[in-house]
Visitor: 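Let me give you the structure first, and then I'll get to my questions.
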2 protein chains.
Amino acid sequence: MIDPLAGRPAYQQLADLLREGISSGKYPPRTPLPSAKTLSQEHGIAVGTVMRAFDMLREEGLVRTVAGRGVWVLPKD
Amino acid sequence: MIDPLAGRPAYQQLADLLREGISSGKYPPRTPLPSAKTLSQEHGIAVGTVMRAFDMLREEGLVRTVAGRGVWVLPKD
DNA sequence: GCCCATTTGTACGTATGTATG
DNA sequence: GCATACATACGTACAAATGGG
């Protein structure tokens with residue numbers, strides 16, 4: 001859950017959730033995460049906020065984002 | 001100048017300009033960059049776009065941002 | 001301690017661009 | 001051409017931190 005009163009910003013909380021989903025196997029390598037639109041609706045946050053979480057994961061090397069295709073989980077090196 | 005038709009996004013172009021200003025001595029160490037509001041007006045871009053450029057410089061370790069005080073150029077290590 | 005102005009930080013909703021299939 | 005999805009950008013609104021009076 002994303003809690004507006006958690007002190008931690010929403011985009012960081014979402015990045016945490018996605019990171020968890022990746023390491024737990026909920027989002028396996030070579031599969032896409034849910035789309036930004038889907039995540040924004042499921043969590044009640046703006047699309048731009050979701051994109052910011054995507055930015056973090058990309059910078060961390062966990063995913064690769066492809067316009068028109070989605071955000072893909074990278075295999076562990 | 002920031003050119004909307006340059007192919008490169010505005011926030012990256014601004015980060016380039018600020019990086020240049022830092023390395024050229026226009027923005028010396030231990031001094032603040034112009035505020036986000038000032039930069040947005042000078043370049044005709046949104047405040048949010050300026051903040052995104054600030055994010056880049058911070059991640060690169062070139063500046064330190066302090067809410068309420070500004071964006072400060074760090075001395076070279 | 002309390003207001004006030006300034007400044008960064010987060011978030012929203014919307015619009016448009018670009019890429020993919 | 002069309003639908004989907006990420007990418008950029010806008011303008012706005014508040015929140016939070018800082019410093020001065």
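Numbered from 1 within each chain, the chains take letters A, B, ... in sequence-line order.
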Visitor: Are Tyr11(A) and Ile22(A) connected into the same hydrophobic cluster when the rule is that any two of I, L, V, M, F, W, Y join if their side-chain heavy atoms are below 4.5 Å apart?
Guide: no
Visitor: Rounded to the Å, how far apart are Arg52(A) CZ and dT10(C) P?
Guide: 5 Å
Visitor: What's the CZ-P distance between Arg64(A) and dA19(C), to the nearest Å?
Guide: 14 Å
Visitor: If you only use heavy atoms from C-beta on, which nucleotide in dA19(C), dG13(C), dC10(D) is closest to the side chain of Ala67(A)?
Guide: dA19(C)
Visitor: Find the distance Arg69(B):CZ to dG20(D):C1' and express it as a whole number of Å.
Guide: 12 Å
Visitor: Looking at Leu57(A), Leu18(A), Leu62(A), Leu33(A), which one forms a side-chain contact (heavy atoms from CB on, under 4.5 Å) with Val73(A)?
Guide: Leu33(A)
Visitor: Asp55(A) has an atom CG; how far is it from atom C1' of dA11(C), in whole Å?
Guide: 15 Å
Visitor: Ignoring the backbone of Tyr11(A), work out which of dC10(D), dT10(C), dT7(C) is nearest its side chain.
Guide: dT10(C)
Visitor: Does Val47(A) or Thr38(B) map to a spot on DNA chain C nearer the 5' end, using the closest nucleotide for each?
Guide: Thr38(B)
Visitor: In whole Å, I'd like the distance from the CG atom of Leu14(A) to the C1' atom of dA11(C).
Guide: 13 Å
Visitor: Counting only side-chain heavy atoms from C-beta out, which of dG9(C), dT8(D), dT7(C) sits nearest to Ser35(B)?
Guide: dT7(C)
Visitor: Would you mind reading off the distance between Gln41(B) atom CD and dC10(D) atom P, rounded to a whole angstrom?
Guide: 13 Å
Visitor: What is the distance, to the nearest angstrom, from the CZ atom on Phe54(B) to the P atom on dG9(C)?
Guide: 8 Å
Visitor: Taking 4.0 angstrom as the limit, do Arg8(B) and Asp16(B) come out as a salt bridge?
Guide: yes
Visitor: Is any NZ, NE, NH1 or NH2 atom of the basic residue among Glu20(A) and Lys26(A) found under 4.0 Å from an Asp or Glu carboxylate oxygen of the other?
Guide: no
Visitor: Among dC12(C), dT8(C), dA7(D), which nucleotide sits nearest the side chain of Thr65(B)?
Guide: dT8(C)
Visitor: Taking the minimum atom-to-atom distance to the side chain of Arg58(A), which one of dA7(D), dC12(C), dG9(C) wins?
Guide: dA7(D)
Visitor: If you look at every heavy atom in Phe54(B) and Pro34(B), which pair is closest and at what distance?
Guide: CZ-O, 3.9 Å
Visitor: Indicate, with a heavy-atom threshold strictly under 4.0 Å, whether Gly44(A) touches base, sugar-phosphate, or nothing.
Guide: sugar-phosphate
Visitor: For Ala53(A) versus Ala15(A), what's the shortest heavy-atom pair and its separation?
Guide: CB-N, 4.0 Å
Visitor: Look at Arg58(A) together with Asp55(A) and state whether they make a salt bridge at an N to O cut-off of under 4.0 Å.
Guide: yes
Visitor: Compare the minimum distances between each of dC6(D), dT8(C), dT18(D) and the side chain of Met51(B), then state the nucleotide with the smallest one.
Guide: dT8(C)
Visitor: Considering only heavy atoms, which members of residues 18-33 of chain A lie under 4.0 Å from some atom of DNA chain C?
Guide: none
Visitor: Ile45(B) CD1 to dG11(D) P: how many Å, rounded?
Guide: 10 Å
Visitor: Which residue lies toward the 5' end of DNA chain C, Pro9(A) or Val66(A), if each is placed at its nearest nucleotide?
Guide: Pro9(A)
Visitor: Of the listed nucleotides (dA11(C), dC10(D), dT18(D)), which one gets closest to any side-chain atom of Thr49(B)?
Guide: dC10(D)
Visitor: Minimum heavy-atom separation for Pro75(B) to Pro29(B), with atom names?
Guide: CA-CB, 3.8 Å
